[in-house]
A.B. asks: 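Handing you a structure now.
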2 protein chains.
Amino acid sequence: MKLDEKMGLLRTYIENQGLKFTNQRDCIARCFFRTRTHISLDELTVKVKKEIPGTGYATVYRTMKLLTDSGLALSRHFGDGQTRYENLPATGHHDHLICVKCSRIIEFQNEKIENLQNETAARFGFTVINHKLELYGYCPECS
Amino acid sequence: MKLDEKMGLLRTYIENQGLKFTNQRDCIARCFFRTRTHISLDELTVKVKKEIPGTGYATVYRTMKLLTDSGLALSRHFGDGQTRYENLPATGHHDHLICVKCSRIIEFQNEKIENLQNETAARFGFTVINHKLELYGYCPECS
DNA sequence: ATTGAAAATGAAAGTTATTATCATTTAAGG
DNA sequence: CCTTAAATGATAATAACTTTCATTTTCAAT
Ligand SMILES: [Mn+2]
Ligand SMILES: [Mn+2]
Ligand SMILES: [Zn+2]
Ligand SMILES: [Zn+2]
């Protein structure tokens, strides 16, 4: 999805909710949509302040909540006690390999695993609405 | 593993580390070994206080850290922002199905998924040392 | 049993990430 | 240009965890 398309969806969501489109929201959303990492609020706030110096952490927090609620961002919790946000993956859902030494994160997709997850859940009468699969270990460079 | 066997392992671990075996540690460990749930520190502290009323939360916290470090307890993080502890499963490693409505937790094992995880990691040159697989959804009663 | 050094305890304070409050500013429709 | 509801940023509050410290307890060596 293109940047402008995302900004359009955000505007629509904001209008529909009776909210207002502000300078800060514009800047924070653009900064976020630009990233390709799993970014924390602290990290994102640094980026945003370079464009609008006065911006408060709370506004970044609230805007990321907005983006998450609207479905334009995904929030993730890896091992480090911080919430991280990532853009919607163009290729669809993915899971993560995380290096416990250098924190490198590799994304992967595995249709077979996903299917087995659903099979397993079904066996217990569960309806899965989301899941978390994280593999922690050593990346090639840290092995 | 029997209760006494676990207590023996704990004693050994404590001796080897040059630590001391106290009344509180005995009580907290027994209370924990008795549980079959994924218990939080608050919950465990309530149980412990019924046997030794003066026991402080910090002591429960420190003892569970000890049990985790010694390999006699597993710490888990589900969605609710609290650390939970569970006994070593007699049947070996398992993963979890979690009901987002009633918080019921069902444990499952799936060898195929485990193998696919390792295959996937290997494809990226990763060595997996642990993983987290949680399936969130609705249990049969809440569907 | 007594002693003494080292470790454990419990209350309280400190940490850290997140979330809420509130006075002031701003967006946007009329 | 006005109105007013929402947004902002500084700050305070929360919540779970972790540390500190004065006091108590353990336990090996008398
Ligand atoms: Mn990702
Ligand atoms: Mn379990
Ligand atoms: Zn690495
Ligand atoms: Zn349920």
Side-chain angles (χ1 to χ4, degrees), chain A residues 7 10-32 38-70 73 75-85 103, chain B residues 7 10-32 38-70 73-85:
Chain A
M7 292 306 295
L10 178 57
R11 282 199 114 97
T12 304
Y13 180 82
I14 283 177
E15 278 175 24
N16 289 344
Q17 302 288 312
L19 308 178
K20 289 171 180 174
F21 193 84
T22 65
N23 242 349
Q24 287 90 334
R25 282 179 177 171
D26 182 69
C27 175
I28 294 164
R30 282 176 195 284
C31 279
F32 169 69
H38 303 82
I39 197 169
S40 69
L41 286 178
D42 281 331
E43 291 162 357
L44 185 54
T45 302
V46 169
K47 284 179 191 281
V48 170
K49 281 188 191 239
K50 284 179 184 160
E51 300 189 21
I52 305 180
T55 312
Y57 173 94
T59 300
V60 179
Y61 160 75
R62 287 181 289 228
T63 301
M64 286 317 297
K65 185 160 172 13
L66 196 65
L67 289 180
T68 304
D69 291 348
S70 69
S75 81
R76 302 284 196 181
H77 295 267
F78 301 131
D80 68 347
Q82 278 190 39
T83 303
R84 293 180 172 277
Y85 298 87
S103 297
Chain B
M7 291 308 294
L10 178 56
R11 283 197 114 96
T12 304
Y13 180 82
I14 282 177
E15 279 174 21
N16 290 344
Q17 303 287 311
L19 306 178
K20 289 169 180 174
F21 193 84
T22 64
N23 242 351
Q24 287 89 335
R25 281 179 179 171
D26 183 69
C27 174
I28 293 163
R30 282 177 195 284
C31 279
F32 169 69
H38 302 83
I39 198 169
S40 68
L41 286 179
D42 280 331
E43 290 162 357
L44 185 54
T45 302
V46 169
K47 285 178 190 280
V48 170
K49 281 187 190 241
K50 285 178 185 162
E51 301 189 19
I52 306 180
T55 313
Y57 172 96
T59 301
V60 179
Y61 160 75
R62 287 182 290 229
T63 301
M64 287 316 297
K65 185 162 170 17
L66 196 64
L67 289 180
T68 304
D69 291 347
S70 69
L74 294 175
S75 83
R76 302 284 195 181
H77 295 267
F78 300 131
D80 68 348
Q82 276 189 40
T83 303
R84 293 179 172 278
Y85 299 86

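Order of the sequence lines fixes the chain letters, A, B, ..., with proteins taken first and strands second; residue numbering starts at 1 for each chain.
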A.B. asks: Give the rounded distance in Å between these two atoms: OH of B:Y57 and C1' of C:dG14.
C.D. replies: 14 Å

A.B. asks: Is a side-chain donor or acceptor of A:E15 paired with a backbone partner of A:T12 at a separation under 3.5 angstrom?
C.D. replies: no

A.B. asks: Please report the distance, rounded to the nearest Å, between CD in B:E43 and C1' in D:dA16.
C.D. replies: 14 Å

A.B. asks: Verify the ring-centre separation between A:H38 and A:F78: is it less than 6.0 angstrom?
C.D. replies: yes

A.B. asks: B:L19 side chain: which of C:dA27, C:dA8, D:dA6 is closest?
C.D. replies: C:dA8

A.B. asks: Nearest to the B:T59 side chain among C:dT9, D:dT18, D:dA7, which nucleotide is it?
C.D. replies: C:dT9

A.B. asks: Counting only side-chain heavy atoms from C-beta out, which of C:dT19, D:dT8, C:dG10 sits nearest to B:Q24?
C.D. replies: C:dG10

A.B. asks: Rounded to the Å, how far apart are B:L66 CG and C:dA7 P?
C.D. replies: 14 Å

A.B. asks: Where each residue is assigned the nucleotide of DNA chain C containing its nearest heavy atom, which of A:N23 and B:T63 is assigned the position nearer the 5′ end?
C.D. replies: B:T63

A.B. asks: Let me know, please, whether A:V60 or B:T83 comes out on the 5' side of the other along DNA chain D by nearest nucleotide.
C.D. replies: A:V60

A.B. asks: What distance separates A:L44 CG from A:T55 OG1, expressed to the nearest 0.5 Å?
C.D. replies: 10.0 Å

A.B. asks: Looking at the side chain of B:T55, which of D:dA6, C:dA8, C:dG10 is the nearest nucleotide?
C.D. replies: C:dG10

A.B. asks: Kindly point out which of C:dT21, D:dT19, C:dG10 is positioned nearest to the side chain of A:R62?
C.D. replies: C:dT21

A.B. asks: Starting the side chain at C-beta, find the nucleotide from C:dA8, D:dT19, D:dA10 nearest to A:A58.
C.D. replies: D:dA10

A.B. asks: Kindly indicate, with the supporting measurements, whether the criterion salt bridge (Lys or Arg N to Asp or Glu O under 4.0 Å) is fulfilled by B:R30 and B:E51.
C.D. replies: CA-CA 11 Å; B:R30 282 177 195 284; B:E51 301 189 19; over 6 Å; no

A.B. asks: For the pair made of CG in B:L41 and C1' in C:dG10, what is the distance, rounded to whole Å?
C.D. replies: 15 Å

A.B. asks: In whole Å, what is the span from the CD atom of B:Q82 to the P atom of D:dT14?
C.D. replies: 17 Å

A.B. asks: Quick one: pull up OH in A:Y85 and CE in A:M64 and give me the separation to the nearest 0.5 Å.
C.D. replies: 6.0 Å

A.B. asks: Using atom CD of A:Q17 as one end and atom P of C:dA28 as the other, report the distance to the nearest whole Å.
C.D. replies: 15 Å

A.B. asks: If you measure from NE2 on B:H77 to OG1 on B:T83, what distance do you get to the nearest 0.5 Å?
C.D. replies: 4.0 Å

A.B. asks: From the list C:dT18, D:dC17, C:dA6, which nucleotide is the closest neighbour of the side chain of B:K20?
C.D. replies: C:dA6

A.B. asks: Of B:T22 and B:K65, whose closest DNA chain D nucleotide lies nearer the 5' terminus?
C.D. replies: B:K65

A.B. asks: Please determine, for the side chain of B:F21, which listed nucleotide (D:dC17, D:dC27, C:dT19) has the closest atom?
C.D. replies: D:dC27

A.B. asks: Check the distance between C:dT9's P and B:D26's CG and give it to me in whole angstrom.
C.D. replies: 11 Å

A.B. asks: Write down the distance between CG (B:D80) and C1' (D:dC17), rounded to a whole number of angstrom.
C.D. replies: 14 Å

A.B. asks: Both B:I52 and B:G18 contact DNA chain C. Taking the nearest nucleotide for each, which residue is further toward the 5' end?
C.D. replies: B:G18

A.B. asks: Establish, with yes or no, whether the OP1 or OP2 oxygen of D:dT18 is under 4.0 angstrom from a side-chain nitrogen or oxygen of B:Y61.
C.D. replies: yes

